Amino acid sequence: MTHKKTLTLEMAGARHKTLSVEIEQHNHHYYTQDTPTISDYEYDLLIKELIDIETQFPNFQTPESPTQRVGGAPLDVFTQIEHERPMLSLSNGFSDEDIKDFDRRLRKEADLAENITLEYVAEPKLDGLAVSIMYEGRRLKYAATRGDGKVGEDITQNVKTIRSIPLTLPASAPEKIEVRGEIFMPHDGFAKLNELQASANKKVFVNPRNAAAGSLRQLDSRITATRPLEVFIYSTGMNSNADFGVTHAQTLSKLADLGFPICPLLEVVQGVEGCLDYFQRLSAQRADLAYEIDGIVYKLNRLDWQQAAGFIAKAPRWALAHKFPAQEKSTVIREIEVQIGRTGAITPVARLEPLFVGGVTVSNVTLHNRAEIERLGVRVGDTVVVRRAGDVIPQIVSVNLDKRPKDSVPYCFPEWCPECGSDVVAEGEGIISRCTGGLICGAQVKQAITHFVSRKAMDIDGMGEKIVDQLVDESLIASIADIYALRADQLLKLEGFAQKSAENLIESINKSRTPEFAKFLFSMGIPQVGESTAEQLANTYGDLNALSKATIEALEALPDIGPIVAGNIVRFFADDNNKKVINLLLERGVAYQAVDLSKVFDSDNLPLAGKTVVLTGGLSSMSRSDAKKHLQALGAKVAGSVSKKTSLVVVGTDAGSKAAKAEELGIKMIDEDALLTLIEG
Ligand code: IVH
């Protein structure tokens with residue numbers, strides 16, 4: 001390029017700016033509006049010119065430059081990002097009746113008259129991954145996955161490679177705004193990607209959703225940049241109180257004005273009838289759409305009514321996902337095998353002639369347990385109907401007896417563990433079959449150790465399933481206690497370990513030596529003792545000594561613990577082998593943090609225990625969901641509508657009929673200031 005030598009800093013700056021704007025406009029035309037205005041060749045020339053300028057004047061290479069869409073240096077790990085407002089999910093409906101119920105309930109929850117027709121926005125439910133994108137100072141600041149709704153992973157570098165996502169916003173955009181949407185991979189891009197993967201002998205993806213997830217979870221954003229990802233934005237997140245209209249449809253139209261891609265298929269519809277009509281039309285179009293959708297989302301259009309309706313647990317009351325019905329197809333069972341779980345539970349699995357159903361290829365289906373095999377009467381060689389709906393695991397619904405081969409024989413559930421030969425025993429009225437091999441069963445040992453080291457348990461960073469397999473296979477460890485006797489020089493013998501990685505793993509092991517008691521308990525892998533049961537046990541007994549003496553009766557008296565779990569706990573601590581392993585752990589320096597029982601919260605003593613509080617109107621110091629959390633932390637139950645059972649109503653600005661009703665029923669009302677005093681007090 002001739003301009004290279006002649007450009008002054010000033011000229012380069014000006015040219016860089018015009019080029020950046022021009023390229024982003026082309027991105028918008030091409031990727032968002034589907035109406036390219038220049039050829040690929042011309043586009044490539046513009047990018048090349050921009051790269052040349054940045055090579056000569058590296059200062060112009062800002063994070064928002066279009067050149068940054070090709071990805072950057074790989075990350076070691078994804079860092080975590082806490083969402084400013086929780087990312088919710090949606091309640092599901094499956095039948096017309098479910099939609100009618102939703103519409104009926106909504107009137108009660110949002111205090112609306114029974115005889116009006118509610119207006120909804122009907123949108124395709126895109127089958128991809130939710131993303132939150134934050135802009136500050138009109139620049140893309142970060143992008144995060146949904147994660148658990150509160151904390152997600154920082155996928156900024158990857159999201160920036162998606163060309164339809166603006167890196168900067170026009171001057172009309174608010175100073176700070178978060179948008180939320182779904183990232184997905186269209187069918188044609190998915191097919192091409194899988195062809196490429198197959199020809200390079202790499203993993204092919206089972207469906208577009210998995211391909212999108214795999215692409216977004218790449219630590220190397222240069223790989224993400226090669227993947228055909230797209231996005232539709234479906235809402236704002238936090239929007240610094242900027243004016244985005246009074247309806248959801250207006251919000252979306254303002255987001256489109258700011259350059260965000262919005263699904264062109266969404267429609268404003270009237271009442272249940274409008275929703276169901278849209279559902280029928282989209283169901284008919286579904287197979288011809290460029291991307292996968294797994295249902296329709298209906299959202300109450302008026303934002304003030306949305307606010308009034310509020311939320312339950314993790315989903316808004318003002319929206320519903322109407323899922324497409326499950327798909328069913330037939331195939332043949334090649335084999336029935338059993339898998340042995342961490343606690344010896346034996347699960348039969350049917351190996352199928354692979355079939356494509358509900359958007360994925362299914363080759364294995366769980367048969368759950370012996371009773372399920374008997375209920376279905378299923379045999380090897382049978383033709384069966386397999387059903388798959390949305391993200392629900394596939395299941396066998398029936399056996400076609402007409403097609404049963406003449407020489408077929410009933411399936412015999414194993415009496416001995418195929419892994420270690422120990423007896424298999426029935427538990428819980430025959431529902432669970434368990435290998436009695438305990439720690440002599442290789443399958444159980446490896447899984448018990450993998451569970452022990454996992455993130456939610458002892459959290460030994462860098463010790464995944466593969467390393468556990470190697471350590472057990474090389475006889476370096478035979479139980480969880482052996483982990484704490486490992487030395488770096490032993491690890492060096494394993495494939496893939498060098499001095500540094502061996503030292504790192506030993507350091508992670510050492511770091512895990514002082515877990516909270518609940519985590520330690522959860523790590524033990526006591527059958528059916530999950531995180532919350534472990535937490536409850538820890539907060540009730542405080543330490544191992546007290547817990548190991550607990551009787552079945554005492555344990556059963558705790559909320560959420562039934563006779564089976566209580567029995568599992570008592571049996572676990574009575575087992576000699578388990579006692580030995582626990583003693584070894586303690587001897588080898590694992591010092592869990594006992595719980596100081598005098599400090600454990602007694603929820604009955606909380607200031608709002610037993611009280612039902614209703615929030616109405618807007619709050620200026622916090623979001624409604626934060627207010628709700630604060631109130632719940634004080635022991636209150638937060639309800640959506642005012643009734644005789646309501647103890648207190650928090651009245652914000654522009655409160656409507658709920659405040660009137662509270663007055664009518666003579667229920668105590670407080671304003672935002674009083675709420676703050678309550679929270680702080
Ligand atoms: S709205 C508070 N709209 O579905 C409302 N979600 O099951 C939250 N999804 O995590 C989401 N298409 O990833 C909304 N048009 C759409 C959607 C959509 C797909 C996904 C989203 C969310 C999940 C909830």
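Index from 1, following the sequence. Indexing begins at 1, ligand by ligand and atom by atom, following the structure's order. What you are looking at is a predicted structure, and each value in this text was computed from that prediction instead of being measured.
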Distance flag, aromatic centroids of Phe522 and His451, threshold under 6.0 Å: yes

Leu88 neighbourhood, listing ligand 1 atoms whose heavy-atom distance to it stays under 4.0 Å: 2 (C), 8 (C)

Atoms in ligand 1 with a heavy atom of Ala130 nearer than 4.0 Å: 10 (O), 13 (O)

Short side-chain donor-acceptor distance under 3.5 Å, Gln270 and Thr117: no

Backbone or side-chain N or O of Val297 under 3.5 Å from ligand 1 N or O: no

Closest protein heavy atom (residue, atom, distance) for atom 11 (C) of ligand 1: Tyr234 CE1, 3.6 Å

salt_bridge(Asp96, Lys100) N-O dist < 4.0 Å: no

Protein contact to atom 7 (O) of ligand 1 [nearest heavy atom, distance to 0.1 Å]: Leu90 N, 3.5 Å

Salt bridge present between Asp101 and Arg104 (N-O < 4.0 angstrom): yes

Close-contact set for ligand 1 against Pro316 heavy atoms, below 4.0 Å: 2 (C)

Charged N-O contact under 4.0 Å between Glu292 and Arg286: yes

Check: Gln197/Asn194 side-chain N/O donor and acceptor closer than 3.5 Å: no

Nearest neighbour of atom 3 (N) of ligand 1 from the list Lys125, Lys299, Glu182, Arg85, on a heavy-atom basis: Lys299

Side-chain donor or acceptor of Glu182 paired with backbone N/O of Gly128 under 3.5 Å: yes

Atom 12 (N) of ligand 1 - nearest protein heavy atom and its distance: Leu126 N, 3.0 Å

Which of the ligand 1 atoms, numbered from 1, are nearer than 4.0 Å to a heavy atom of Glu123: 3 (N), 15 (N), 16 (C)

Atoms in ligand 1 with a heavy atom of Pro124 nearer than 4.0 Å: 12 (N), 15 (N)

